Enquirer: 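Okay, here's the structure, questions in a sec.
Worth knowing before you read on, the calculation uses all heavy atoms, side chains too, and leaves out hydrogens, waters and symmetry mates. Note that the structure is a prediction, hence the values are computed from the model and not measured. Every chain is numbered from 1, with letters handed out A, B, ... down the list of sequences.
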Amino acid sequence: MAKDETPTSDDARPWQSYHTVYTNAKAGMDGVDKEKVQRIVYEMSQGSKYFENEERKEAFIRQKIENMRARCAKLSAEDISHFQMVAEKRILELEAARNLSRIWIHVDMDAFYAAVETLSNPSLKGKPMAVGSMSMISTANYEARKFGVRAAMPGFIARKLCPELIFAPTDFKKYNYYSDLTRKVFQKYDPNFMAASLDEAYLDVTEACKEKGITGEEIAEEIRANIFEETGLTCSAGVAANRLLAKVCSDINKPNGQFVLPNNRVAVMTFISSLPIRKIGGIGKVTEHILRDALGINTCEEMLQKGNYICALFSQSTAEFFLSVGLGLGGTDTPEVRLRKSISNERTFSATGDETLLYRKLEELSEMLSADMQKEGLCGRTLTLKLKTVAFELRTRAVSLQKHICSSEDILKHASKLLKAEFPISLRLIGLRISHLNIERDGALLDPTQKTLTNFFVSGDTSSKDVDGQRSFGLDTINFLMNNDNSDSFIGEHETHHTHSDVDDNDNSTLSSIAAQMEKFHNSSSDVTAYKVEGTSCPNSVTNGANFLEAEVGSSMGQRELFLWVNDYKCSLCGIEMPPDFVEERQEHCDFHLAEKLQKEESGSGFRNSTPKHRAEQKDQISSPSQRKKGRMSSKEGRHIPIDVFFVKSNQNF
DNA sequence: GAACGAGTTTTTC
DNA sequence: GCAGCGAAAAACTCGTTC
């Protein structure tokens with residue numbers, strides 16, 4: 001169809017209603033003929049199974065939107081007035097918490113993968129190129145973006161848009177190398193910088209500015225110059241009072257540029273007022289669609305104007321996020337170390353229903369996942385099988401195990417069971433994910449048989465041993481001991497039960513120190529015996545508890561009950577009597593008290609496993625329920641705002 | 001009501 | 001010449017159990 005024709009409906013230009021992500025404004029795509037891109041994407045997709053599935057998803061979202069509109073229409077004047085008050089109150093509270101004292105920089109490498117490829121192959125310079133394959137593109141350089149080619153676009157569509165497009169295969173070894181170089185630069189300006197991905201990072205340069213006596217703008221220039229010097233690559237930067245704004249700012253003068261948003265309220269509000277909501281990290285295609293079509297919200301400012309409807313329709317946490325966006329608020333703290341929650345892999349292949357072939361795929365994935373886990377020293381307890389059918393429908397099937405696993409044999413064994421239950425099925429993708437991870441901070445592999453507290457309650461199994469086949473003290477044990485400041489008691493070896501939260505803040509030196517103190521205590525004599533389970537030697541022997549107070553491990557010092565076998569016979573905590581030769585029973589009994597204690601701790605103080613620094617941070621975060629929520633959100637820079645919450649109420653109507 | 005498991009959805013590059 | 005749309009992580013829901 002000629003460009004100057006003026007059709008009157010979607011029937012004439014059906015691609016207009018096909019919502020792809022490819023027309024979303026991205027750096028370097030300002031001059032792109034979006035309609036042309038949309039038409040080509042539509043034409044190449046139309047009639048495919050993928051397309052049909054996209055239409056199904058789209059229809060579902062439209063249904064949700066209709067539902068929300070209906071609910072809006074049903075709101076009485078009283079309701080609207082009520083929610084207006086709720087919104088105003090919340091806005092005032094958020095406003096009161098505004099922090100303009102920090103200077104954050106978001107650094108984003110320009111077309112990173114493509115730039116690295118060009119660096120190693122200068123003949124690519126000036127030519128449209130993309131990193132990826134015919135099925136999917138990871139990133140495209142700026143020459144390619146002029147044609148509408150962009151990340152997450154299938155290669156065959158990209159080639160249609162730009163027949164001259166050169167493809168380079170992904171090479172993560174190279175990208176990691178250059179990423180490390182950039183991180184060394186970041187480190188100089190903020191030792192606690194937050195890496196968002198290989199090519200992005202957030203830096204709190206407040207202190208660096210003070211030390212150097214220069215502005216955020218000057219620091220950003222310095223960082224960018226340093227990165228170029230170290231890598232030969234350009235990057236862009238955004239400077240603002242919080243991470244959310246800094247991220248938006250870094251995109252403004254891309255590539256090889258920067259934008260500074262002054263740390264004052266007027267500047268922030270002016271900046272945010274006309275900003276399209278899609279520019280905000282965490283607001284994606286679906287959220288944009290819903291806010292626009294259900295509430296007529298297109299800009300951040302409108303989040304505030306429609307605050308009453310936002311409060312009426314969305315869950316509290318989502319409403320709060322949207323109102324924060326309207327105020328230009330974002331994370332200003334340096335979040336505590338975030339440990340990963342899951343690890344996964346998935347592979348797409350030519351659709352098949354051949355069971356032997358599918359099992360083989362599963363075997364490959366199990367081996368890959370196991371290798372990845374062992375590289376990072378992870379074990380997990382929940383295995384999730386992800387399947388994508390020939391019709392692009394997604395299914396997940398999960399199983400939670402009694403033990404943590406990491407071997408490919410274990411993964412395959414359980415994954416096979418899950419897959420078997422789905423046969424007959426024709427698939428184009430299989431994925432495996434392990435969650436409920438058991439993480440040790442120094443990266444060493446934990447004993448895969450060590451169990452979580454939950455497992456303990458479920459199974460009562462006490463058979464775990466360390467890699468040397470010896471029983472060992474886990475960090476839960478240490479925490480337990482920390483919490484029992486009992487200089488007179490003697491505590492022997494016992495079963496270990498780990499939960500990842502229990503190990504959060506124990507570093508090597510701390511643990512060594514604790515172990516040394518335990519050793520000392522172990523060597524001191526006592527007339528009572530506790531936790532006598534097996535007579536194997538252990539490097540983490542128990543030491544005098546008095547010194548534990550000095551250790552940098554979180555503990556609730558208020559609780560100092562004694563746990564021991566009085567006269568080697570009677571439990572000091574509950575009075576139950578158990579002869580010394582009831583080894584297994586005593587083990588289970590000890591574990592019960594340990595678990596009970598840990599559970600109390602878990603539900604009680606949040607400071608249990610924190611270093612003093614983290615305790616202080618956590619204290620700030622938990623000062624109110626709303627702040628708790630905010631803290632959690634800020635730790636991710638609001639990057640991920642699941643849409644589920646939109647439907648908290650509306651779901652009930654389906 | 002808290003905790004947990006299973007499943008789904010969203011976002012990002 | 002033809003067909004053809006990824007991978008990883010997290011957050012949140014609902015339902016169940018205790």
Enquirer: Under a 4.0 Å N-O cut-off, is there an ion pair linking A/Glu117 with A/Lys174?
Expert: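 Yes.
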
Enquirer: Would you indicate which nucleotide in C/dG4, B/dT8, B/dA6 comes nearest to any side-chain atom of A/Met44?
Expert: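 Of the options given, the side chain of A/Met44 lies nearest C/dG4.
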
Enquirer: Report the nucleotide, chosen from B/dG5, B/dG7, C/dA9, that has the shortest atom-to-atom distance to any side-chain atom of A/Ser400.
Expert: B/dG5

Enquirer: Take the protein atom CG of A/Leu429 and the nucleotide atom P of C/dG4, then report the distance between them rounded to whole Å.
Expert: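 To the nearest whole Å, that distance equals 17 Å.
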
Enquirer: Round to the nearest Å and state the distance from A/Phe349 atom CZ to C/dG6 atom P.
Expert: 11 Å

Enquirer: In terms of side-chain heavy atoms of A/Lys388, which of B/dT11, C/dA7, C/dG6 is nearest?
Expert: C/dG6

Enquirer: Over all strands shown, is A/Arg159 touching base, sugar-phosphate only, or nothing at heavy-atom distances under 4.0 angstrom?
Expert: nothing

Enquirer: Would you please confirm or rule out a distance under 4.0 Å between OP1 or OP2 of B/dT11 and any side-chain N or O of A/Lys285?
Expert: no

Enquirer: Between A/Glu66 and A/Arg62, is the closest basic N to carboxylate O distance under 4.0 Å?
Expert: no

Enquirer: Can a cation-pi geometry be assigned to A/Arg145 and A/Tyr142, taking NZ or CZ under 6.0 Å from the six-membered ring centre and within 45° of the ring axis?
Expert: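 Checked: cation-pi criterion met.
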
Enquirer: Among C/dG6, C/dA9, C/dA7, which is the nearest nucleotide to the side chain of A/Arg347?
Expert: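 It is C/dA7.
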
Enquirer: Taking OP1 and OP2 of C/dA9, is either one under 4.0 Å from a side-chain nitrogen or oxygen of A/Ser344?
Expert: yes

Enquirer: Looking for any heavy atom pair under 4.0 Å, which part of the strands does A/Phe112 touch: base, sugar-phosphate only, or nothing?
Expert: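 Nothing, no heavy atom under 4.0 Å.
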
Enquirer: Atom CG of A/Leu394 and atom C1' of B/dA6: how far apart are they, to the nearest Å?
Expert: 15 Å

Enquirer: Describe, in one word, how the ring planes of A/His106 and A/Tyr202 are oriented to each other, choosing from parallel (under 30°), tilted (30 to 60°) and perpendicular (over 60°).
Expert: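 Aromatic pair A/His106/A/Tyr202 classed tilted.
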
Enquirer: Is the phosphate of C/dA7 approached by A/Thr348 (side-chain N or O, under 4.0 Å from OP1 or OP2)?
Expert: yes

Enquirer: Just N and O in the side chain of A/Arg150: are any of them under 4.0 Å from OP1 or OP2 of B/dC13?
Expert: no

Enquirer: Between C1' on C/dC2 and CE on A/Met134, what's the gap in Å once rounded to a whole number?
Expert: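 So the two atoms are 12 Å apart, to the nearest Å.
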
Enquirer: Over how many whole Å does the gap from A/Glu422 atom CD to B/dG7 atom C1' extend?
Expert: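 The distance from CD of A/Glu422 to C1' of B/dG7 comes to 12 Å, rounded to the nearest Å.
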
Enquirer: Is A/Lys388 salt-bridged to A/Glu393, cutoff N-O under 4.0 Å?
Expert: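 Looking at A/Glu393 together with A/Lys388, the answer is no, because their closest N to O distance does not fall below 4.0 Å.
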
Enquirer: One thing to verify: whether A/Asp333 and A/Arg243 come together as a salt bridge, which I'm taking to mean a side-chain N less than 4.0 angstrom from a carboxylate O.
Expert: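 Salt bridge: yes.
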
Enquirer: To the nearest Å, give me how far apart CZ (A/Arg433) and C1' (B/dT8) are.
Expert: 12 Å

Enquirer: For A/Lys386 and A/Lys49, find the nucleotide of DNA chain C closest to each by heavy atoms; which residue's nucleotide sits nearer the 5' end?
Expert: A/Lys49

Enquirer: In terms of side-chain heavy atoms of A/Ala398, which of B/dC13, B/dG7, C/dA9 is nearest?
Expert: B/dG7

Enquirer: Between B/dG5, B/dT8, C/dA7, which one does the side chain of A/Arg397 approach most closely?
Expert: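 Per side-chain heavy atoms of A/Arg397, the pick is B/dT8.
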
Enquirer: Any base atoms under 4.0 Å from A/Lys160, or only sugar-phosphate, or nothing? Heavy atoms, all strands.
Expert: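 The residue A/Lys160 makes no contact with any strand.
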
Enquirer: To the nearest Å, give me how far apart CZ (A/Arg243) and P (B/dT12) are.
Expert: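 Distance, rounded to whole Å: 16 Å.
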
Enquirer: Tell me which nucleotide among C/dA10, B/dT11, B/dT9 gets nearest to the side chain of A/Thr287.
Expert: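 Selected nucleotide: B/dT11.
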
Enquirer: May I have the distance from A/Arg340 (atom CZ) to C/dA11 (atom C1'), rounded to whole angstrom?
Expert: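 My rounded result for the distance is 16 Å.
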
Enquirer: If you check every side-chain atom of A/Glu200, which of B/dC13, C/dA9, B/dT8 has the closest atom?
Expert: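 When the side chain of A/Glu200 is considered, B/dC13 is the closest of B/dC13, C/dA9, B/dT8.
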
Enquirer: Of the listed nucleotides (C/dA7, B/dT12, C/dA10), which one gets closest to any side-chain atom of A/Arg278?
Expert: B/dT12

Enquirer: Taking side-chain hydrogen bond (donor to acceptor under 3.5 Å, both in side chains) as the test, write out the residues that go with A/Ser426, two or more places apart.
Expert: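 Scan of A/Ser426 (side-chain hydrogen bond (donor to acceptor under 3.5 Å, both in side chains), adjacent residues dropped) gives none.
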
Enquirer: When all nucleic acid strands are considered with a 4.0 Å heavy-atom cut-off, which category describes A/Ile343: base, sugar-phosphate, or nothing?
Expert: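 Sugar-phosphate only.
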
Enquirer: Using a cut-off of 4.0 Å on non-hydrogen atoms, how would the nucleic acid contact of A/Leu198 be classed: base, sugar-phosphate, or nothing?
Expert: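 Counting heavy atoms under 4.0 Å across all strands, no contact is made by A/Leu198.
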
Enquirer: With the side chain of A/Thr396 defined as its heavy atoms from C-beta on, choose the nearest nucleotide among C/dG6, B/dT8, C/dA11.
Expert: B/dT8

